[in-house]
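Quick notes on the structure that follows.
Nothing here was measured: the structure is a model prediction, and the numbers come from that model.
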Amino acid sequence: GMLVTLWTMAFLGGVAAVVPKGDRGFQSTNHRSLSSGATWAASKEAEGSEGKRVHQWPVPHLPTLLPRPRSVVLLGGAFIEVAEVSVVCTGGVDTADVGWLAQFERTARARLTSTSASDSVVGSAAANSAKTRATGRGFVKVRVTLLENTDSLPATAVDEHGPIAGPEAYVLELREGVLNLWGRRAGLTHGLHTAQQLLRLRANQAPLPALRIVDSPVYTYRGVMVDTARQPHSFLFHMAMLDQLAANKLNIYQLHASDDDGYSLPSAAFPTLPLPTALNHTEVAALQAKAATLGIEIVAEVDLPGHSAALRSKIPSVAARNAKTGAPCNQINITSPEVIATLQTLLGEVMTMFPGRWHHLGADEVSYDVDCGMTKITYHNFINTMNTFVQSRNRTMIVWEGFDPNPGETAANISTDVVVSPFDAVHLTPWPHRPHHYYDAGYNILNTDWNPLYLVRGSVGFFAGPDALAAWNPTKYGNYPYLGASANNWQSLPTDNWNSHTYRSRFTDENASCWPDASRFSPTYIPQPFPSNRLLGGAVCSWGNPEGVEMPIFFGNCSGPGSMHASAFAGPEWPRPAPRGAIVGERLWAGALATSEDVLERVGCAYWDPPPPPAPSPPPAPGSAFYPQKGACRDATGHFSNRLDHGSNAPLNYSACLRMCQKLGDRCDAYDIDGQPPTPGTDPVIPWCGIWGAQLTAADADPSAGFLFYPSDGGRVCQGLPTAGQGNTCYAKKPLCST
């Protein structure tokens, strides 16, 4: 095949090492490299050295890699310390490849030399070069070879399952002062991100062992979806998201661009259609250009024929009219050739803006209305008509679930060229439409099941924690562990220990025998594989969430078990940030290769690690010690004094209640909480807090913190009164009252 070489020079230097935590070493098996093919002038020699295959992180001196490569083999050889990187490109190729390599060179230079906010550059280039010369270590060359096809991959492009192939495959080999990277364009893009994780300059970077990485994805469709129709998302946000997707080897960025709430893309044919916050054509062009460079396809979904109020409002001619009354319908007129032509004009615009392999029609949750022309027959015909149009643009059409996979005589069969993206593995009405029904009917499918892949504003139950996602794999749909399952025996399992919501799931082996409940989030659990070339992959989907929370809920950092309403969020609608996108990216790239422990270890969410020592108990409020007693801070008759009440607002942490009392000094006679006294060293979320004091006034209220003033009803502040407070705990000074 046609070979192109990009040379990257990495100076050797003396940067100190950070060894991944938990240094457990690695399990290994002997591995003998195959002899290289004649095509590879730089790798002709037969290799006979034994290597050690990495099966689990952390590994001494080996940086954490996300997602996990298909095969990592540690080779013999000296360790390499990276201090500085420069990039030089050489080689004669055709015009298209020259342009691509020029961009790749710029990207490589940026990614292999950049530092994050928490990193620091160690020394200047001149100082590091001088240090390199003084130690006599020379250079490490990073050589990138662009292939015409993956048949030209080196003979070492194998793992224990055989050779790798496909446009996204790559081989990375680091030894004897040279890092070789082979692959086609998409493969080199992925390999560059792996090289970045290995070489990126950081303070205390570990020296690297000689190694070979052979890698390719298990699933070809690896996506993230954001809802731009319900919430505005800026151009800069989308550009940043593309970087995050690429870093996690996610290759689909789906924009839910149209819904009842609005249309978020530009339109030359229908200029009144877009929302004021919609992207413009210049922004779309820049977004598409960056996505193409990163090997990401932007899939813009225009949801039809349901979820179409915005289209009917801005393009009234597409709305149906009631056959009996003539009144406008809440439906698109899918039986009109003129309306079909209008919709195809709109979709043609979208596909021109975002070239690629896929188009998403939506096509879910339609409401049948015979008088408005929406029936099972017309709905099926509409999907087939739009599929023919999409295919004429050399695309494959995707729809959500909704149509009948086995209509019999009731409607036309939907073409099996259509890819189905099921999200509901629970309900059977109006007809059986669970994932396995579509699969058994011959459709290629994706996994976008709402449990655990939906992140829905205001619904904590649709915000799975990292442990739930690590125990997921693309063959698992909600209650169903693999595509062939058909039982309808839901079982409610214990509360998820990360997000504090009930998570329903069941794992089975290939014989459908139920795993013990305790194993569902076991650190050593490996999701059961279900190989199939008709399961294309999946996507994690954010619905109705504003731009400001998207990055934290997709690519945020874990900070331990338990539920928390982060201060960056507006309230209890969103649980704690977590690298959900990275975990889903791992499972879509590597499948069931790694245990859930391994996955969570590498994303920094190792919830099973020993807890840190308890923090010291908070100091008592000013004045004197406060002692907990059961009940509310009221007198024997249940009456109370002046108070600041947080009960009608969002839950808060115990420490916030205590701090409010401390802030008030001697004017705070007592405070009580709804619940039992927290364990020392913990800071639980409590649903209610009251601050009590005879001297409190309306001026002490703090509405911004949720504390409102309520005057006394003539009572006093006393120690706990269980008959008034039931499950409350009152922290009061002694003595305070006789009761």
So Thr352 and Arg393, side chain to side chain donor-acceptor pair (under 3.5 Å) or not? Walk me through it. CA-CA 9 Å; Thr352 299; Arg393 305 294 293 261; 3.1 Å; yes
Go through the steps for Tyr439 and Val420 under the test side chain to side chain contact (heavy atoms under 4.5 Å, CB included), then give the verdict. CA-CA 9 Å; Tyr439 181 84; Val420 184; over 6 Å; no
Yes or no on side chain to side chain donor-acceptor pair (under 3.5 Å) for Thr189 and Lys249, after CA distance, side-chain angles and deciding distance? CA-CA 9 Å; Thr189 299; Lys249 298 185 174 66; over 6 Å; no
Let's go through Ser216 and Arg70 carefully: what are the C-alpha distance in whole Å and the side-chain angles of both, what is the deciding distance for side chain to side chain donor-acceptor pair (under 3.5 Å) to 0.1 Å, and is it a yes or a no? CA-CA 6 Å; Ser216 65; Arg70 177 169 166 174; 3.1 Å; yes
Walk me through whether Asp598 and Thr595 qualify under side chain to side chain donor-acceptor pair (under 3.5 Å). CA-CA 5 Å; Asp598 187 15; Thr595 66; 5.2 Å; no
In sequence, state the C-alpha distance, the side-chain angles, and the governing distance for Glu349 and Leu346, and then conclude on side chain to side chain contact (heavy atoms under 4.5 Å, CB included). CA-CA 5 Å; Glu349 276 192 323; Leu346 180 63; 3.9 Å; yes
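Side-chain atoms of Tyr219 and Leu536, non-hydrogen and from C-beta on, never get closer than 4.5 Å to each other. Here the side chains of Ser392 and Thr388 are not in contact, with every heavy-atom distance at 4.5 Å or above. Between Val224 and Gln254 there is no side-chain heavy-atom pair separated by less than 4.5 Å. At a threshold of 4.5 Å between non-hydrogen side-chain atoms, the residues Val226 and Leu255 count as touching.
Separation of atoms OG (Ser421) and CE (Met225) is listed at 10.0 Å; rounding is to 0.5 Å. To the nearest 0.5 angstrom, Arg580 atom CZ is 14.0 Å from Trp472 atom CH2. Note that the OG1 atom of Thr277 and the CD atom of Glu547 stand 10.5 Å from one another [nearest 0.5 Å]. In this structure, Ile213 CD1 and Leu181 CG are separated by 9.5 Å, a value rounded to the nearest 0.5 Å. Separation of atoms NZ (Lys290) and OG1 (Thr293) is listed at 9.5 Å; rounding is to 0.5 Å. Put simply, CG on Asn447 and CZ on Arg587 are 13.0 Å apart, with the number rounded to the nearest 0.5 Å.
Salt bridge present: Glu168 and Arg222 bring a charged side-chain N and a carboxylate O closer than 4.0 Å.
Ring-plane geometry between His190 and Trp589 is classed as perpendicular, the angle between the planes exceeding 60 degrees on a 0 to 90 degree scale with a lower cut at 30. Using a 30° and 60° split on the angle between ring planes, Phe423 and Trp450 fall in the tilted class, from 30° to 60°.
If you look at Tyr253 and His238, their ring centroids are closer than 6.0 Å. The ring of Trp543 has its center closer than 6.0 angstrom to the ring center of Tyr454.
If you check the side chains of Gln231 and Asn545, you find no donor sitting under 3.5 Å from an acceptor.
Between Pro546 and Glu550, the closest heavy-atom pair is O-CG, 3.4 Å. Residues Leu265 and Val350 come closest through the heavy atom pair CD1-CG2, 4.1 Å.
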